[in-house]
Amino acid sequence: MACGGAAFPRRASVPRRRRFQFPKLPKPRITASMCLYQFLIAVRSEGQNLTNEDGETTSHLMGFFYRTLRMMDNGIKPIYVFDGKPPQMKSGELAKRGARRAAAEVSLKEAQEAGEQENIDKYTRRLVRVTKEHNTEVQQLLTLMGIPFVVAPAEAEAQCAALAAAGKVYGAASEDMDTLTFGTPTLLRHMTYSENRKKPINEVSYEQVLEGLEMTKETFVDLCILLGCDYCESIRGIGPHRALALLREHQSIENILASLDPDKFTVPEDWPYAEARRLF
DNA sequence: ACTCTGATTCAAGACGCA
DNA sequence: ATAATTGAATCAGAGT
DNA sequence: TGCGTCC
């Protein structure tokens with residue numbers, strides 16, 4: 001997640017990008033959770049989600065329906081992957097999110113009182129929440145459409161990587177670089193943009209990324225951990241450049257830690273980098 | 001002067017018609 | 001009871 | 001391409 005593509009130094013990110021040409025029967029797997037969010041946030045009219053006559057939201061169903069149809073039109077057979085249990089989070093992180101949500105609620109109320117429609121929309125979007133019902137409704141829709149989906153035991157990204165690595169699908173469609181870290185041979189980015197004809201689909205090959213960065217799978221995983229992944233925080237003061245340079249020099253987090261100047265960089269206490277590494 | 005990091009902010013879908 | 005993103009772009013500021 | 005509509 002946090003291992004964003006933009007986080008990689010431009011010069012080093014030699015992973016070649018080439019225009020994606022549809023193979024015969026591509027079956028990319030797609031993480032459904034993010035789609036759900038985006039549909040609920042974006043599919044609106046006059047600030048409100050689309051609803052049926054009973055007032056129940058249908059934005060997510062519309063979104064999935066049309067996007068899936070469009071993919072089928074282009075010869076893509078998608079397999080959606082739903083998140084299972086969300087990754088465990090730290091209490092500090094939870095508190096931070098709670099605070100942000102509270103702030104958005106306050107801002108929303110202010111905007112409502114001031115009658116600022118633009119801000120009302122903005123903060124309403126920020127408060128969007130995906131429920132279990134949304135998930136099951138979408139799954140039901142996919143079933144009716146005959147579109148396969150998988151509910152991942154834990155994180156969707158890992159499940160996708162497994163499907164892709166096993167050759168069950170052509171590739172994994174996601175914006176999340178963690179998907180690569182999980183070992184997906186092929187990552188497809190901008191899947192939705194390209195459906196919208198705004199940007200070309202970006203095909204990233206794991207092999208070529210490693211080659212371009214001159215890294216092994218092991219050092220690449222360490223790199224992603226240093227950049228900050230979902231499972232543990234990163235070291236303050238170490239960003240993409242230093243992380244890459246340090247790994248080139250020392251090959252592993254252990255070696256880096258042994259040589260880091262403790263006066264300059266503070267390593268988090270009980271830093272669970274090894275556990276994070278084990279997850280990938 | 002320049003490089004890097006980290007904080008902040010914003011926007012987020014798809015269709016069809018003109 | 002509990003909940004809730006993220007990538008990209010931009011800016012500020014620390015460190016070199 | 002821009003814009004109103006989708007429910």
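These numbers come from a predicted model, not from an experiment.
Less than 4.0 Å separates DNA chain D from at least one heavy atom of each of the following residues of residues 48-71 of chain A: A:L50, A:T51, A:N52, A:T58, A:M62.
By the 30° and 60° cut-offs, the orientation of the rings of A:F149 relative to A:F82 is perpendicular.
In this entry the distance linking CD of A:E133 with P of C:dA3 reads 16 Å, nearest Å. At whole-Å resolution of the value, CZ in A:R44 and C1' in D:dC7 are 13 Å apart. Look at CE on A:M34: it is 12 Å from P on C:dA4, rounded to the nearest Å. Rounded to whole angstrom, the span from the CG atom of A:L246 across to the P atom of B:dC4 amounts to 13 Å. When the P atom of C:dG7 is taken as reference, atom CD of A:Q38 falls 10 Å away, rounded to whole Å. A:L40 places its CG atom 19 Å from the P atom of D:dC6, with the value rounded to the nearest Å. Regarding A:D176, its CG atom lies at a distance of 11 Å from the P atom of C:dA8, rounded to whole Å. In this structure, A:K132 atom NZ and C:dA4 atom C1' are separated by 16 Å, rounded to whole Å.
Separation of the P atoms belonging to B:dC17 and C:dA4 is 39 Å when rounded to the nearest angstrom.
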For nucleotides 6-10 of chain B, give me every protein contact, N/O to N/O, under 3.5 Å, one pair per line with atom names.
{"residue": "B:dG6", "atom": "OP1", "partner": "A:G237", "partner atom": "N", "Å": "2.3"}
{"residue": "B:dA7", "atom": "OP1", "partner": "A:R236", "partner atom": "NH1", "Å": "3.2"}
{"residue": "B:dA7", "atom": "OP1", "partner": "A:R236", "partner atom": "NH2", "Å": "3.0"}
{"residue": "B:dC10", "atom": "OP2", "partner": "A:K122", "partner atom": "NZ", "Å": "3.4"}

Check nucleotides 12-16 of chain C against the protein and report each pair of N or O atoms closer than 3.5 Å, with its distance, or say if there are none.
none

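Across B:dG13, D:dC6, C:dA4, the shortest atom-to-atom separation from the side chain of A:S45 is found for D:dC6. Proximity note for A:R101 (side chain, C-beta onward) versus B:dA12, C:dA4, C:dG7: the nearest is C:dA4.
Residues A:K77 and A:P148 are not in side-chain contact: their nearest non-hydrogen atoms beyond the backbone lie 4.5 Å or more apart. Residues A:T131 and A:H134 have side chains in contact (heavy-atom distance under 4.5 Å, counting atoms from C-beta outward). Contact check for A:T31 versus A:D176: no side-chain heavy atoms found under the 4.5 Å cut-off.
Listed pair A:R189 / C:dA8 meets the phosphate criterion, a side-chain N or O lying under 4.0 Å from OP1 or OP2. When the side-chain nitrogen and oxygen atoms of A:H241 are compared with OP1 and OP2 of B:dT5, one or more of them lie within a distance under 4.0 Å.
Hydrophobic clustering (ILVMFWY, side-chain heavy atoms < 4.5 Å, transitive): A:M72 and A:M145 are in one cluster.
In summary, A:R101 and A:E105 engage in a salt bridge, as defined by a charged side-chain N under 4.0 Å from a carboxylate O.
Counting atom types as modelled, A:R129 pairs no side-chain N or O with a base atom of C:dA4 as donor and acceptor under 3.5 Å.
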